[in-house]
Amino acid sequence: MSDGFKDSTVAFLYASQTGNAESICYKIYEEAVSRGFQATYHVLDDYRKFNFDSLRTAVFVVSTTGDGDPPDNSARFWRVLRRTSKDPKAYGHLRYTVLGLGDTNYSNFCNTAVRLDKQLREAGAQTFYPRALADDATGLEDVVEPWIDGLWAPLAKVAVCGSGENTREASVAVEDAEQAARLVVDESSDVDGIADAVGAMSLAAVHQPLVLDFRAMAGLQKLTGTPRLPAAICSAVPSEKASADRDADLSTCPPWHEALVSEHEGDSALRPFVATITGYRQLTSADAVKRTLLLDIRLPESERTDVCVAGDSFNVFAPNDASLVSALLRRLDVSGDDLVALKSLDDRVELPVHLQRFQKGRYTVRDILTWSADLASAPKKHTLRALAECCTDTRDRERLLFLASRQGSAVFDELRRQAPNIVDLLHAFASCKPSIARLIELLPSLAPRAYSICNAPGNGLWRIAFNVVEYALEASDPFSASEDQRVSIERRGLCTPWLEMLARGNSGAHILVARRSGHFRLPPATTQPIIMVGPGTGVAPFIGFLEQRAVEDSSAIGSAWLFFGCRSPTRDHLFRAELDKWIDSAVLSRLSLCFSRDAAARDAADADVYVQDALKRHWEEVAELVVEKKALVFVCGDAKGMGRDVNEALADILCRYAAKHPDALPKLGVEPTKNDLDDQQEAMTKVQALQVLMRLASEKRYLRDLWA
Ligand code: NAP
C-alpha cells in the first residue's frame with residue numbers, strides 16, 4: 001500500500017478542566033472522521049484504553065488550570081509520562097501535534113501544552129504540525145479555528161485519509177465558511193426596533209436580562225471570522241428501558257454515581273465516593289461583603305484510611321439548579337421525565353465521553369441536564385453559530401451570527417462579561433429553539449468543583465471554607481427610558497449556593513466527592529521556616545497546615561509566618577480565634593494582618609492594605625528567610641490578582657535584598673549583570689528575580705495553589 005509508512009488511526013486526546021478542551025477536541029475528532037480519517041477520541045487518563053505506548057499519530061488538546069497545572073483528568077497520564085519520557089527513544093514512533101488552551105491573565109500560560117510538547121520531544125516523538133497556544137483572554141477561537149483549518153493537510157501526510165461517500169471534501173468545509181462569510185445583514189433592520197428588542201430582554205425570575213447593543217450591525221454587508229457550523233452529532237430517542245435504580249437518600253448525587261465509582265476501580269486515590277455533610281458554621285458577619293461558610297464533611301467508613309493531607313483538595317459533583325433546569329425544559333417545550341437514549345448520527349463517530357453513558361437509555365432528559373451539561377458556561381462562538389441555525393426569526397439569526405463574527409467581537413465580549421446561562425440566551429433570542437439533542441451536544445460537560453481541605457485530615461473529617469458565590473453585574477442599557485441606564489444582573493455560582501442550601505437544610509445530606517492529586521503540602525515536621533500567604537479563603541489550606549503543626553514537636557520544627565488579608569477585622573477575619581490561639585501557643589510564630597477596607601483598623605493594628613504590601617514592608621526579613629534559611633513559601637488564593645501581585649512583590653523583594661547583600665547572589669544561583677542603560681553594576685534584574693522564583697517553584701520551595 002502506498003500509504004504503508006502512515007498510521008491508519010489517529011488518536012484525538014484531551015485533558016480538560018472545565019470542558020472546553022474536551023469539546024474542542026471532540027469537534028476536531030468528529031471533523032477528522034467526516035474527512036475520512038480513522039480516528040479515536042479519549043481523555044488522557046484513559047491511556048490504557050488507547051494504548052499510549054504504541055500510538056503512532058496523536059493530536060492533543062490540553063488546557064491548563066491553577067498555577068500552570070494539568071487538568072485533573074490527566075493526573076494518571078502525567079504520572080506515566082514522567083516515568084517513561086526519561087527514555088529518549090520511548091516515543092520515537094509517535095508523530096503528534098498539540099493545541100494548548102490557556103489564559104494570559106494567569107501565570108504559566110498554557111503550561112500543560114508546553115510541558116507535554118517538551119516531554120514528548122525529549123522522549124523522541126516528532127511533531128507533524130506546529131503547536132498552537134490559544135488565549136482565552138483574547139478569544140480562543142482566534143487561534144483554534146485557523147489551527148484546525150491548517151491541520152488536515154499535514155495530518156494527511158502522516159495518517160491515512162480514506163475516501164467514501166461520507167467523506168467530507170475539504171472544499172465543502174471551505175464553502176461552509178464562505179457561506180457564513182457571505183451572510184448579508186438586513187440593512188433595513190430598524191435600529192430602534194433592535195433597541196426595543198434589547199430592552200425586551202429584561203425578563204424576570206429564573207433567567208436574567210441581557211443588555212446588548214447591536215447598533216454596530218447597521219450597514220454591515222458581510223460578516224467574517226464566523227466559526228464553521230458544528231456538525232450535528234447525536235439524536236435523542238425515547239427509551240423503553242428500565243430507569244436506573246435511584247436511592248432517595250442519594251438524590252443529591254448524580255444518578256450514575258455507582259458507575260462513576262466503578263470506572264475508577266483500581267485507583268483508590270482518585271475514585272469518587274459518597275460523603276456526608278454533618279455541620280457548618282458561618283465565618284463572616286451578616287454585613288460582610290461575602291458570606292463565607294465552613295462545612296464539615298464526614299467520610300464513609302470505607303475511606304477512613306485517608307490518604308489526604310493538609311493542603312490537598314477534592315472535587316464535589318454538583319448539579320445545576322433545579323429551577324434552571326425546569327426553566328430550560330419549559331423554554332424548549334420538552335418533558336424532562338421521559339427516558340431517552342442518545343445515539344450517534346454517524347456510526348464511525350463516538351459520542352463525546354460525557355454523553356456515552358446516556359446511550360443505554362436509562363436516564364431522563366432532566367438527569368442529563370441536571371448533572372451532565374454545563375448550563376452556565378461562558379458562551380462560545382461556535383455555540384452561537386449553531387444556535388443561529390435554530391432560529392425562526394431572521395433578526396435573531398443575524399444577531400447570533402453577528403455575535404459569532406469578527407465584526408461582533410466587542411458585543412460578544414460584553415455578552416461574556418454578563419455571564420449568561422443558556423436559559424438567559426434562549427430568552428434573549430426568543431425564536432431560537434434547538435432540539436434537545438442539539439442542545440445537549442452543544443453544551444460542555446459539567447465539571448466537578450474543587451475545594452481545599454481546610455483541616456488536617458486523618459479522623460475521617462474534611463472541612464472546606466468557601467464564599468457563597470452570588471453577585472450582581474451592572475450593564476448599561478443605552479435605550480433605557482430612565483436617566484439611569486444601569487441594569488443590574490444577578491448571578492449565582494453553581495456549587496456553593498447548593499452546598500449552603502444542603503448545609504442549612506438538614507444535616508446528613510450526601511454528596512459525591514473525589515480526591516485530587518495534590519502538590520500543595522507541608523512536609524511533616526519540617527525544620528525549614530515556612531511563609532504562608534493566603535488572603536480570604538486562600539487561608540484555608542494553612543488552617544490545615546497549622547493543625548498539622550499543632551501536633552508536631554514545636555521544639556523541632558521551623559518557624560511559621562502567615563500573611564492574611566481581609567476587608568475588615570470585624571466582618572471577614574476568617575479563623576480569627578484559631579489564629580490567635582496558635583499565636584499564643586507558638587504553633588504560628590508570626591501573623592501579619594491586612595485590612596483592605598478598614599482604614600481605622602489598619603491604623604490601630606499598624607496593618608497593611610494587601611498581603612503584598614505587608615511582604616514588601618517586611619522585605620528584608622522575608623528575603624533573609626528565603627535566601628539564607630531556605631524557607632518554604634506557600635501562596636494560596638486568587639490567581640489573577642493576588643497570585644500575580646504577590647509574585648511581583650517577591651521578585652522586587654529579592655532584587656532589593658540582592659542589591660543590599662550582593663554576596664547573597666550565588667545563593668540564588670545568579671551571576672551579576674551590567675545594566676545596559678547606565679553601565680552600572682546591578683545586583684539582580686527583575687527578570688532574573690522572576691527566574692529565581694520559577695526555579696524555586698520547580699524545586700518545590702515556592703508552592704502556589706492558585707484558583708481561577
Ligand atoms: P476575597 O474575600 O475576595 O479577598 C480577600 C482579601 O484580598 C480582601 O481584603 C481583598 O481586598 C484582597 N484582595 C483583592 N485583590 C487583591 C490582590 N490583587 N492582591 C492581594 N489582595 C487582594 O478573597 P476570596 O474570594 O476568599 O478569594 C480567595 C481565592 O482563593 C478565591 O479565588 C478562591 O477561589 C480561592 N480559594 C478557594 C478555596 C476553597 O477551597 N474555596 C481554597 C483556597 C483558595 P478588596 O476586595 O478590598 O480589594
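Counting starts at 1 for both ligands and their atoms, following the listed order. Start at 1 with the first residue, then count along the sequence.
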Flag for Thr278-Thr276: side-chain donor and acceptor within less than 3.5 Å: no
Give the atoms of ligand 1, by number and element, whose distance to some non-hydrogen atom of Tyr451 is under 4.0 Å. 40 (O), 41 (N)
Taking the side chain as every heavy atom from C-beta outward, state whether Ile464 and Leu294 have any atom pair closer than 4.5 Å. no
Out of all atoms in ligand 1, which are within 4.0 Å of some heavy atom of Met642? Include the element for each. 17 (C), 18 (N), 19 (N), 20 (C)
Counting only N and O atoms by type, is there a donor-acceptor contact under 3.5 Å from the side chain of Glu552 to the main-chain atoms of Pro524? no
Ligand 1-proximal atoms of Ser313, by part, heavy-atom distance under 4.0 Å: neither
Is the shortest heavy-atom distance from the side chain of Tyr610 to the side chain of Val646 under 4.5 Å? no
May I ask whether Asn467 places a heavy atom under 4.0 Å from ligand 1? yes
Atom 8 (C) of ligand 1 sits nearest the protein heavy atom Ser596 OG, 3.7 Å
Shortest protein heavy-atom distance from atom 3 (O) of ligand 1, along with the residue and atom involved: Lys290 NZ, 2.6 Å
Going by the closest heavy atom to atom 41 (N) of ligand 1, which one wins out of Cys636, Gly311, Ala465, Ser568? Ala465
For ligand 1, which part of Arg644 has a heavy atom less than 4.0 Å away: the side chain, the backbone, both, or neither? neither
Flag the pair Glu578 and Lys581 as a salt bridge only when some basic side-chain nitrogen lies within less than 4.0 angstrom of an acidic carboxylate oxygen. no
Need the ligand 1 atom indices (1-based, order shown) with element for anything under 4.0 Å from a heavy-atom of Gly536. 5 (C), 23 (O), 26 (O)
Where is the nearest protein heavy atom to atom 12 (C) of ligand 1: which residue, which atom, and how far? Tyr610 CE2, 3.6 Å
Whether Asp287 and Arg571 form a salt bridge (side-chain N of Lys/Arg under 4.0 Å from carboxylate O of Asp/Glu) is what I want to check. yes
Taking atom 19 (N) of ligand 1 as the point of reference, which of Arg449, Arg463, Gln612 owns the nearest heavy atom? Gln612
Tell me: protein heavy atom nearest atom 32 (O) of ligand 1, and distance? Asp638 CA, 3.6 Å
Do any nitrogen or oxygen atoms of Ser452 come within less than 3.5 Å of a nitrogen or oxygen of ligand 1? yes
Checking heavy atoms under 4.0 Å, the part of Arg567 that sits near ligand 1 is both
Looking at Lys616 and Asp645, is there a salt bridge between them, counting it only when a charged N and a carboxylate O are closer than 4.0 Å? no
Are Asp606 and Arg617 within salt-bridge range, i.e. N to O under 4.0 Å? yes
For atom 30 (O) of ligand 1, what is the nearest protein heavy atom, given as residue, atom name and distance? Gly637 CA, 3.1 Å
Give the atom numbers and elements of ligand 1 that come within less than 4.0 Å of a heavy atom of Gly641. 18 (N)
Under a 4.0 Å threshold between the charged nitrogen and the carboxylate oxygen, would Arg521 count as salt-bridged to Asp705? no
Is Phe466 close to ligand 1, meaning an N/O of one under 3.5 Å from an N/O of the other? no
Among non-hydrogen protein atoms, atom 33 (C) of ligand 1 lies closest to Thr537 OG1, 3.7 Å
Suppose we measure from atom 7 (O) of ligand 1 to each protein heavy atom; which comes out shortest, and what is that distance? Pro535 CB, 3.6 Å
Run the salt-bridge test on Glu648 and Arg644 with the 4.0 Å N-O cut-off and return the result as yes or no. no
Do NZ/NE/NH1/NH2 and the carboxylate oxygens of Glu624 and Lys660 come within less than 4.0 Å? no
Have Glu22 and Ser445 got a donor and an acceptor in their side chains that come within less than 3.5 Å? yes
Side-chain (Arg549) to main-chain (Gly558) donor-acceptor, under 3.5 angstrom: yes
Of the protein's non-hydrogen atoms, which lies at the shortest distance from atom 34 (O) of ligand 1, and what is that distance? Trp707 CB, 3.7 Å
Side-chain heavy-atom pair Ile531, Val622 within 4.5 angstrom cut-off: yes
Interfacing atoms of ligand 1 (cut-off 4.0 Å, heavy-atom, Arg597): 45 (P), 46 (O), 47 (O)
Report the part of Asp645 (side chain from C-beta onward, or backbone N, CA, C, O) that has a heavy atom under 4.0 Å from ligand 1; answer both or neither where that applies. side chain
Under a 4.0 angstrom heavy-atom cut-off, which atoms of ligand 1 come close to Cys566? 9 (O)
Identify, by atom number and element, the atoms of ligand 1 in contact range of Gly565, meaning under 4.0 Å from any of its heavy atoms. 5 (C), 6 (C)
